[in-house]
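First comes the structure, then the notes that go with it.
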Protein chains: 2
Amino acid sequence: MPKVGIRDVAKLADVSTGTVSRVLNDHPSVTTELRERVRGIIKELGYTPDPSARSMRSKVSRLIGIVIPDLTNPFFAELVQSAEQAAANHGYNIIVMTSFDHAAKEVNRIGQLTSRKVDGIILVPSNDFHTITPPKGVPIVVVDRLMPGYSGIAADHRNGARVGVEYLLKLGHRRIGFISGPKQSVPANDRLRGYLDAMEHVGGNQQIVGSPLIAEAAFDYESGRSAGNYLLARARNERPTAIFTSSDQQAIGCMRAAHDLGIPIPAALSIVGFDGIPLSSMTTPRLTTVKQPIQKIAAAAVAALLNRQPTPGADSPVLFDCELSEGETTSPPQPD
Amino acid sequence: MPKVGIRDVAKLADVSTGTVSRVLNDHPSVTTELRERVRGIIKELGYTPDPSARSMRSKVSRLIGIVIPDLTNPFFAELVQSAEQAAANHGYNIIVMTSFDHAAKEVNRIGQLTSRKVDGIILVPSNDFHTITPPKGVPIVVVDRLMPGYSGIAADHRNGARVGVEYLLKLGHRRIGFISGPKQSVPANDRLRGYLDAMEHVGGNQQIVGSPLIAEAAFDYESGRSAGNYLLARARNERPTAIFTSSDQQAIGCMRAAHDLGIPIPAALSIVGFDGIPLSSMTTPRLTTVKQPIQKIAAAAVAALLNRQPTPGADSPVLFDCELSEGETTSPPQPD
DNA sequence: TTGTACGCGTTATCAA
DNA sequence: TTGATAACGCGTACAA
């Protein structure tokens with residue numbers, strides 16, 4: 001059985017291939033009646049246009065590439081899933097690639113995507129992103145970890161952190177510890193600034209900066225745990241009554257540290273996470289966290305690529321508000 | 001600047017386009033010397049072949065589609081990531097799609113992939129898979145949830161469950177509870193059978209089947225929690241001293257149930273999970289679990305698609321062994 | 001509004 | 001081993 005092509009449709013409908021093509025692409029200059037008939041034949045024959053041939057002529061692949069550091073990270077997984085949804089709504093599909101936070105691999109992936117002539121690339125850059133050479137013809141939008149010179153879309157990490165810390169302040173906490181992300185990370189620094197914003201507003205930051213209320217760590221569970229140990233292993237009236245972390249995984253690690261030290265949560269220690277991954281609602285007790293609007297971010301990224309706006313946010317990234325999700329790891333502080 | 005095509009390379013190298021094409025595709029019948037020269041020109045001009053044109057002629061897209069129920073599920077996320085790695089090793093890329101366990105959406109996704117002329121499809125079928133019509137020209141390999149009539153690749157769930165339960169038996173447990181997966185799920189039933197295999201071997205199964213040692217549940221956290229409550233809410237000498245669950249998420253939910261009932265783990269209750277997702281090493285205490293060889297499964301799926309073996313496992317699926325990962329949620333039982 | 005014919009960039013066939 | 005050239009399947013000026 002030879003594959004059915006546009007010619008077969010044309011022949012059976014007794015029209016030219018041009019007309020069939022115009023029907024396919026919803027070109028206005030086709031009689032409604034004729035259009036219907038051709039559509040009928042198309043369905044009857046089960047004809048689907050060959051995407052390669054199509055793409056070759058139209059220079060459009062209806063493919064979007066997305067490069068992330070690690071799909072095992074629930075935040076990125078949800079990002080990819082949301083992007084896939086958004087893309088599908090526009091007839092686009094997604095090619096995923098993992099960079100493992102390795103700059104060389106990342107460059108390689110972007111190169112692959114470029115030569116595949118995808119219509120756009122969504123990139124969550126690796127932490128040592130500076131080595132990246134921007135691809136020539138393909139529009140690229142950077143997500144989450146903003147890079148100067150590219151249009152960027154992300155959550156408003158700074159403001160989100162501020163909101164989270166202010167929530168703790170409102171509960172009555174004053175000695176609020178902070179577990180930061182790695183200092184090369186752009187969003188990590190934004191969150192740190194948000195924490196400082198909120199703390200300065202209350203008490204002046206001279207006791208804060210460089211003080212043992214701040215611990216630097218990677219975003220993962222284990223780092224959160226050891227950072228938590230560092231912050232909590234002191235006399236009760238010196239250790240923080242609350243800790244704001246830079247990721248949910250850190251928060252969970254920190255919960256374990258507290259648990260191991262015999263510090264009850266939230267009675268003697270409040271903890272707030274960041275991200276709002278599904279895992280955050282699976283802990284005991286359920287984690288209070290600052291939730292990123294992942295779906296909005298993904299949808300905006302896809303939209304930016306498809307609209308091909310003239311680099312709208314090359315210097316002014318688009319930020320989306322985070323939202324506080326109240327769990328069971330926060331309560332007013334106990335008196336010392 | 002007009003894009004550089006194969007003709008430009010040919011002209012500059014003073015050869016025919018045919019030769020350039022042969023160099024590109026590593027066709028053996030080209031002088032080593034000539035091959036080198038052409039390669040030089042290619043690099044000099046920064047030429048990359050147009051994948052659309054290429055695919056149109058060769059009927060090969062170097063694209064593999066993967067359809068999974070839910071990328072938020074860490075197991076599937078790791079599966080996709082592993083598949084991407086394996087595919088990349090062969091010069092292939094991955095298009096991901098989510099079916100949300102919805103048969104209609106699944107059919108639609110498969111249709112999209114088929115008309116995109118991907119070279120193969122990796123499918124984790126939705127639970128009501130029976131409505132699927134097999135695509136015509138595209139080879140498809142079913143993973144994890146095996147379907148009769150398709151070549152399938154999966155972990156040996158039955159044997160894995162048996163190994164997990166035997167581990168508990170060896171520790172001395174006898175009243176071993178089981179939280180199953182949904183009964184429409186193929187792997188869930190396999191795990192149940194593995195559990196029964198091990199239990200029958202020890203004590204005969206008449207007290208087991210249909211007894212309150214088995215609880216049916218979905219694979220998620222919340223279901224695991226309520227199933228755990230069901231199994232544990234009885235007198236100490238009647239409730240199980242160990243519970244084998246069908247997923248890590250169930251196990252974690254079950255841990256919470258035990259915690260809420262004041263049952264210490266592993267002192268008064270041992271728990272074993274299934275899957276070996278990253279999350280399993282992040283709990284307190286760290287979960288003992290039966291780990292699926294996800295990378296092997298993914299690599300095998302990709303290989304099966306690329307080798308286009310003559311439907312090797314249409315009736316005999318390829319199974320990979322699971323491995324017990326010992327954590328801190330298991331210990332010998334306390335006397336009643 | 002519809003049909004005709006050419007070209008997109010590559011690979012495969014066949015002849016040299 | 002290499003070169004010339006015909007497809008591949010579709011979109012689109014241009015003509016009718």
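Proteins come first, then strands; the chains are lettered A, B, ... in the order of their sequence lines, and each starts at number 1. Side chains are part of it too, since the values below use all heavy atoms of this structure and drop only hydrogens, waters and symmetry mates.
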Worksheet item: Rounded to the Å, how far apart are A/R57 CZ and C/dA5 P?
Response: 16 Å
Worksheet item: Which heavy atom of A/S99 sits nearest a heavy atom of A/K105, and at what distance?
Response: O-CB, 3.8 Å
Worksheet item: Do B/S55 and A/S52 have a side chain donor and acceptor closer than 3.5 Å?
Response: yes
Fill in: Residue list, side chain to side chain donor-acceptor pair (under 3.5 Å) with A/H90, at least two apart or on another chain
none
Response to the item:
Sequence neighbours excluded, the answer for side chain to side chain contact (heavy atoms under 4.5 Å, CB included) partners of A/D70 is A/T72, A/N73, B/Q81
Worksheet entry | Pairs involving residues 82-91 of chain A, ordered by first then second residue, that meet salt bridge (Lys or Arg N to Asp or Glu O under 4.0 Å) (sequence neighbours left out) | A/E84-B/R109
Worksheet item: So which heavy atom on A/L305 is nearest to which on A/P139, and how close?
Response: CD1-O, 4.0 Å
Worksheet item: Between which nucleotides of DNA chain D, read 5' to 3', does contact with chain A run, using atoms under 4.0 Å from its heavy atoms?
Response: D/dG9 to D/dA13
Practice prompt. To the nearest 0.5 angstrom, please state how far the CG atom of B/L306 sits from the CZ atom of B/R62.
Written response: 9.0 Å
Worksheet item: So A/Q85 and A/N89, side chain to side chain donor-acceptor pair (under 3.5 Å) or not? Walk me through it.
Response: CA-CA 6 Å; A/Q85 292 302 107; A/N89 290 339; 5.8 Å; no
Practice prompt. Locate the shortest heavy-atom distance separating A/A154 from A/I297; write the atom from each residue and the value.
Written response: C-CD1, 3.9 Å
Worksheet item: So which of residues 38-54 of chain A are in contact with DNA chain C, with a heavy-atom cut-off of under 4.0 Å?
Response: none
Practice prompt. For DNA chain C, determine which residues of residues 26-33 of chain A have any heavy atom closer than 4.0 angstrom to one of its atoms, and list them numerically.
Written response: A/S29, A/V30, A/T31
Discussion item. Just the rounded figure in Å: distance from C1' of C/dC8 to CD1 of A/I6.
Written reply: 15 Å
Item to complete: List for me each residue that meets salt bridge (Lys or Arg N to Asp or Glu O under 4.0 Å) alongside B/R145, sequence neighbours excluded, and say none if there are none.
Response: B/D101
Worksheet item: Who pairs with B/R7 by side chain to side chain contact (heavy atoms under 4.5 Å, CB included), at least two apart in sequence or on another chain?
Response: B/T17
Worksheet item: What pairs with B/A298 under side chain to side chain contact (heavy atoms under 4.5 Å, CB included), at least two apart in sequence or on another chain?
Response: B/L79, B/S82, B/A83
Could you list, one pair per line, each protein nitrogen or oxygen that sits under 3.5 Å from a nitrogen or oxygen of nucleotides 13-16 of chain C, together with the distance?
none

Item to complete: Calculate the interatomic distance between A/M56 atom CE and C/dG7 atom P; express it in whole Å.
Response: 13 Å
Worksheet item: Per the end-axis method with five pairs at each terminus, what is the bend angle of the helix from C/dT1-D/dA16 to C/dA16-D/dT1, to 10°?
Response: 30°
Worksheet entry | Check against salt bridge (charged side-chain N to carboxylate O under 4.0 Å, His left out), B/D50 and A/R57 | CA-CA 12 Å; B/D50 182 314; A/R57 289 292 290 153; over 6 Å; no
Discussion item. So, applying side chain to side chain donor-acceptor pair (under 3.5 Å) with A/Q292, which one of A/D275, A/D156, A/D321 is it?
Written reply: A/D275
Fill in: By side chain to side chain contact (heavy atoms under 4.5 Å, CB included) - contacts of B/P51 (at least two apart)
A/R116, A/K117
